[in-house]
Amino acid sequence: MSEEPTTPGPQPEPIRFFGTTWVTHDGGYGARRAAVAAGSLLAAAAGCFVLRFTYEGLAIADVGTFVNLLVVVMFAICSALAFRRTWEGFGKRHDPASQASMRGLLTIGFVGVLLAHFFRSLTEAPGEQLHREEYERAREQYAKRATRRTGNPSRKKRKA
């Protein structure tokens, strides 16, 4: 079932969990933002809990202090890089090739990704600023194109 656009011109791009409610902040936008914030914080806490079990498993296996330290530092660095990359992604689109190459790092640093979503959803829907800028730019370009084309050019009166 596809929805036909009601107005001519560019249509807003939907955001995950928000659809197009970010345009006018209607349709439960505030409740969705609160749910995304709570869900991402809960998921980050659960992820930290799982990482704690992983660390305890390494301690039980007695792999050594160096390996324990290496695992903790690796998750901390990957989480920090993933947070930064995700936070920057809310303001600009990343190159698909670089995004694909960073997929492993983002997976390891999933806690950083979840925390970035939590902090962004406190102020707006994650990615709303980028989508709003692109949508406004597309609407302006459409308005310029639409105002240039007025009337049927074949009926234009020719100067003698």
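Only this structure's heavy atoms are used, side chains among them; waters, hydrogens and symmetry mates stay out.
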[X] [atom1] to [Y] [atom2] distance, which is reported to the nearest 0.5 Å:
{"X": "Ile77", "Y": "Leu105", "atom1": "CD1", "atom2": "CG", "result": "10.0 Å"}
{"X": "Phe75", "Y": "Leu70", "atom1": "CZ", "atom2": "CG", "result": "11.0 Å"}
{"X": "Leu41", "Y": "Phe118", "atom1": "CG", "atom2": "CZ", "result": "4.5 Å"}
{"X": "His131", "Y": "Glu13", "atom1": "NE2", "atom2": "CD", "result": "3.5 Å"}
{"X": "Cys48", "Y": "Leu115", "atom1": "SG", "atom2": "CG", "result": "7.0 Å"}
{"X": "Ser40", "Y": "Leu114", "atom1": "OG", "atom2": "CG", "result": "6.5 Å"}

By side chain to side chain contact (heavy atoms under 4.5 Å, CB included) - contacts of Arg120 (at least two apart)
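Applying side chain to side chain contact (heavy atoms under 4.5 Å, CB included) to Arg120 gives Trp87, Phe90, Thr123, Glu124, Pro126, Gln129.
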Between Glu88 and Arg85, does any side-chain N to carboxylate O distance fall below 4.0 Å?
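Looking at Arg85 together with Glu88, the answer is no, because their closest N to O distance does not fall below 4.0 Å.
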Indicate yes or no: at least one non-hydrogen side-chain atom of [X] is less than 4.5 angstrom from one of [Y].
{"X": "Phe18", "Y": "Arg32", "result": "yes"}
{"X": "Leu51", "Y": "Tyr55", "result": "no"}
{"X": "His25", "Y": "Glu128", "result": "yes"}

Phe110-Met74 co-clustered via ILVMFWY side chain contacts under 4.5 Å:
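Same cluster: Phe110 reaches Met74 through Ile, Leu, Val, Met, Phe, Trp or Tyr contacts under 4.5 Å.
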Please tell me whether Tyr29 and Leu122 are part of a single hydrophobic cluster in this structure, the criterion being side-chain heavy atoms less than 4.5 Å apart.
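Cluster IDs for Tyr29 and Leu122 differ.
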For [X] against [Y], the heavy-atom pair lying closest together:
{"X": "Ala82", "Y": "Val113", "answer": "CB-CG2, 3.8 Å"}
{"X": "Val111", "Y": "Gly47", "answer": "CG2-C, 4.5 Å"}
{"X": "Val23", "Y": "Tyr135", "answer": "CG1-CE2, 4.2 Å"}
{"X": "Thr86", "Y": "Leu106", "answer": "OG1-CD2, 4.2 Å"}
{"X": "Thr20", "Y": "Pro12", "answer": "CG2-O, 3.7 Å"}

Does CZ in Arg132 sit with more than 12 non-hydrogen atoms of other residues, nucleotides or ligands closer than 6.0 Å?
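Buried by this count: over 12 neighbours within 6.0 Å.
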Carefully, step by step, assess His94 and Met102 under the rule side-chain contact (heavy atoms from CB on, under 4.5 Å).
CA-CA 11 Å; His94 290 295; Met102 296 288 285; over 6 Å; no
Derivation and outcome, salt bridge (Lys or Arg N to Asp or Glu O under 4.0 Å), residues Arg139 and Glu136:
CA-CA 5 Å; Arg139 286 181 53 196; Glu136 293 297 325; 3.7 Å; yes
Using modelled atom types and a 3.5 Å cut-off, is there a donor and acceptor pairing between side-chain atoms of Arg33 and backbone atoms of Ser121?
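Judged by distance alone, yes, a pair lies under 3.5 Å.
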